[in-house]
**Q** 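The structure under discussion is supplied below as structure tokens; questions concerning it will follow.
Because the structure is predicted, anything quoted here is derived from the model rather than measured. Heavy atoms only: backbone and side chains are in, while hydrogens, waters and symmetry mates are out.
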Amino acid sequence: MEKVHFTEEKATNLATLYGRALDYRSAHPILGDKAADDAVRRIDYDFTKIGISPDRAISVVLRAKPIDDWAAEYLRAHPDAIVLHLGCGLDTRFQRLAPPETVHWYDVDYPEVVELREKLYDQAPNQTHIASSVTDFGWLDQVPSDRTALIVAEGLTMYLKPEAGTELFRRLAAQFPSGQVICDLFNRTAIRIQKLNAPVRKAGATLYWGVDDPRELESCGLTLESSLDAAHWATPDDLAKMGPITRFQLRMLKVFRPLARTAHIVRYRF
Ligand SMILES: C[S@@+](CC[C@H](N)C(=O)[O-])C[C@H]1O[C@@H](n2cnc3c(N)ncnc32)[C@H](O)[C@@H]1O
């Protein structure tokens, strides 16, 4: 069993990992991430106190799935890409997407997080860990800058200070000949009401960066290609796997638009 002593934003990756494990254990999984469940079983931690209810577990996997689908689409079209998986936490996206050997994948997170990742998961030959804050920009020297880049950042942007986040995207867009950014964004309301976000509150983490309109990031040299607010993450297939109450709650998001607009999954090209 691996001990874990994460605090603040680093502890939030235990909540998302547990959400994916709960989905795997459910009767009708949406993401079906067995590696996440295996990892949870190897971590010596009381996951029940982390603020992830079965309902929240669904929102975790509903966010992960479109990001996986878009990333897989990019890698099918660009098998020579590098992938920068920023704020990777303990996510097993590499295992879920199983990229071809021609893709080189970089998982980036704080040193403590990377240390635990290395104990939990075998690394593939085309996978490299980078132990650094994403905003200590020196880490960018460790990745080749002559290949198209797929940049995936799930559950990261809201933890960055706005100036640091925009500088990060500006540098990424300038470093590679072309690429795509896939990430999620919270709006300013979600930042204001962050105390209602149980996993964030229980981790003792603070959310800083709210983006009301995904086009705001175009000032960093990105062009918005797609944007899905929270009412549009579940597909009809996903809805069919849910109980009636969860289905009803998700339908309500289509009615209460301000609630749906608190979170977006977005895709930009550069
Ligand atoms: C909510 S978790 C998401 C983890 C993972 N992407 C997932 O979906 O399970 C947020 C992650 O962002 C990482 N993070 C936050 N700020 C960071 C920074 N400045 N540099 C690197 N990682 C950061 C945290 O350590 C944590 O692993």
**Q** Determine the minimum heavy-atom distance between P66 and L228, stating which atoms define it.
**A**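 That would be CB-CD1, 4.2 Å.
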**Q** Could you grab the distance from atom CD1 of I30 to atom OH of Y24, nearest 0.5 Å is fine?
**A**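 Answer rounded to 0.5 Å: 15.5 Å.
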**Q** Do the side chains of T223 and F270 get nearer than 4.5 Å, heavy atoms only?
**A**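 They are not in contact (no side-chain heavy atoms under 4.5 Å apart), so the answer is no.
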**Q** Using the rule that two of Ile, Leu, Val, Met, Phe, Trp, Tyr join whenever any of their side-chain heavy atoms come within less than 4.5 Å, decide whether L259 and V255 are in one cluster.
**A**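 Result: yes, single cluster for both.
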**Q** If we ignore hydrogens and angles and just use 3.5 Å, is the side chain of D213 paired with the main-chain N or O of E216 as donor and acceptor?
**A**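 Absent.
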**Q** Could you tell me whether a side-chain N or O of E73 sits under 3.5 Å from a main-chain N or O of W70, the two making a donor and an acceptor?
**A**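 Such a contact is absent between E73 side chain and W70 backbone.
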**Q** If we ignore hydrogens and angles and just use 3.5 Å, is the side chain of N187 paired with the main-chain N or O of R261 as donor and acceptor?
**A**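 Looks like yes, one N/O pair under 3.5 Å.
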**Q** Report the C-alpha separation of D237 and K241 in whole Å, then their side-chain angles, then the decisive distance to 0.1 Å, and conclude whether the salt bridge (Lys or Arg N to Asp or Glu O under 4.0 Å) test is met.
**A** CA-CA 7 Å; D237 272 1; K241 292 177 181 168; over 6 Å; no
**Q** What's in the same ILVMFWY side-chain cluster as I245, cut-off under 4.5 Å, chained through other members?
**A**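 None; I245 is a cluster of one.
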**Q** How long is the span from the OG atom in S133 to the CH2 atom in W139, to the nearest 0.5 Å?
**A**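 One gets 10.0 Å once the value is rounded to the nearest 0.5 Å.
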**Q** If you compare all heavy atoms of A72 against all heavy atoms of L97, which two are closest, and at what distance to 0.1 Å?
**A**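 Heavy atoms only, the tightest pair is CB-CD2, 4.2 Å.
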**Q** Taking the six-membered ring for Trp, are W105 and F94 parallel (under 30°), tilted (30 to 60°) or perpendicular (over 60°)?
**A**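 Rings of W105 and F94: perpendicular, over 60°.
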**Q** Quick check: closest heavy atoms across R257 and A231, and the distance to 0.1 Å?
**A**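 Heavy atoms only, the tightest pair is NH1-CB, 3.7 Å.
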**Q** Treating T102 as the side-chain partner and P79 as the backbone partner, does any N or O pair qualify as donor plus acceptor under 3.5 Å?
**A**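 Yes, T102 side chain to P79 backbone: donor-acceptor pair under 3.5 Å.
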**Q** Counting N and O atoms only, with roles assigned by atom type, does the side chain of D107 sit under 3.5 Å from a partner on the main chain of T128, one being a donor and the other an acceptor?
**A**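 Not a single qualifying donor-acceptor pair exists.
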**Q** Has the side chain of Q194 got a donor or acceptor atom that lies under 3.5 Å from a matching backbone atom of L207?
**A**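 Yes, the answer is positive, given that a donor and an acceptor are paired below the 3.5 Å cut-off.
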**Q** Around atom CZ of R215, are there more than 12 heavy atoms of other residues, nucleotides or ligands at under 6.0 Å?
**A**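 12 or below, so no.
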**Q** Could you check whether any side-chain N or O of Q175 sits under 3.5 Å from a backbone N or O of L140, counting only pairs where one atom can act as donor and the other as acceptor?
**A**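 A pair under 3.5 Å: yes.
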**Q** Looking at D44, I want to see if its CG is surrounded by more than 12 non-hydrogen atoms of other residues, nucleotides or ligands under 6.0 Å.
**A**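 Buried by this count: over 12 neighbours within 6.0 Å.
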**Q** Between Y268 and P214 (side chain of the first, backbone of the second, donor and acceptor by atom type, cut-off under 3.5 Å), is there such a pair?
**A**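 Yes, because the side chain of Y268 sits within donor-acceptor range (under 3.5 Å) of the backbone of P214.
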**Q** Got a sec, which residues hit side-chain contact (heavy atoms from CB on, under 4.5 Å) with Q180, two or more places apart in sequence or on another chain?
**A**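 side-chain contact (heavy atoms from CB on, under 4.5 Å) check on Q180 returns Y74, L150, I182, E225, R267.
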**Q** If you compare all heavy atoms of K202 against all heavy atoms of K49, which two are closest, and at what distance to 0.1 Å?
**A**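 That would be CD-O, 3.4 Å.
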**Q** Flag the pair D91 and R96 as a salt bridge only when some basic side-chain nitrogen lies within less than 4.0 angstrom of an acidic carboxylate oxygen.
**A**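 Salt bridge between D91 and R96, a charged N being under 4.0 Å from a carboxylate O: yes.
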**Q** How far apart are the closest heavy atoms of Q127 and D122, and which atoms are they?
**A**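 That would be OE1-O, 4.0 Å.
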**Q** Picking from L172, T157, L156, what satisfies side chain to side chain contact (heavy atoms under 4.5 Å, CB included) with V134?
**A**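 The residue from L172, T157, L156 that satisfies side chain to side chain contact (heavy atoms under 4.5 Å, CB included) with V134 turns out to be L156.
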**Q** With side chain to side chain donor-acceptor pair (under 3.5 Å) as the test, would you mind laying out the steps for T235 and D238 before giving the verdict?
**A** CA-CA 5 Å; T235 63; D238 298 334; 3.1 Å; yes
**Q** Looking only at side chains, do S178 and T148 share a donor and an acceptor under 3.5 Å apart?
**A**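 Yes - a donor-acceptor pair under 3.5 Å links their side chains.
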**Q** Measuring only between side-chain heavy atoms, which start at C-beta, is L22 closer than 4.5 Å to D37?
**A**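 With C-beta onward as the side chain, the pair stays apart.
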**Q** Under 4.0 Å between a side-chain nitrogen and a carboxylate oxygen: does that hold for D80 and R147?
**A**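 No salt bridge links D80 with R147.
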**Q** Below 4.0 angstrom, N of the basic side chain to O of the carboxylate: do R117 and D109 qualify?
**A**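 No, this pair does not count.
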**Q** Would you say I50 and L120 are hydrophobically clustered, going by side-chain heavy atoms of ILVMFWY under 4.5 Å?
**A**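 Yes; L120 is reachable from I50 via cluster members.
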**Q** L250 and A234: which non-hydrogen atoms are nearest, and at how many Å?
**A**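 The answer is CD1-CB, 4.3 Å.
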**Q** Okay, side chain of D184, backbone of I265: is any donor-acceptor separation there less than 3.5 Å?
**A**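 Such a contact is absent between D184 side chain and I265 backbone.
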**Q** Just by distance, do the side chain of R42 and the backbone of K119 share a donor-acceptor pair under 3.5 Å?
**A**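 It does hold such a pair.
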**Q** Find the distance between CD (Q249) and CG (L253) and round it off to the nearest 0.5 Å.
**A**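 Reported value, rounded in 0.5 Å steps: 8.5 Å.
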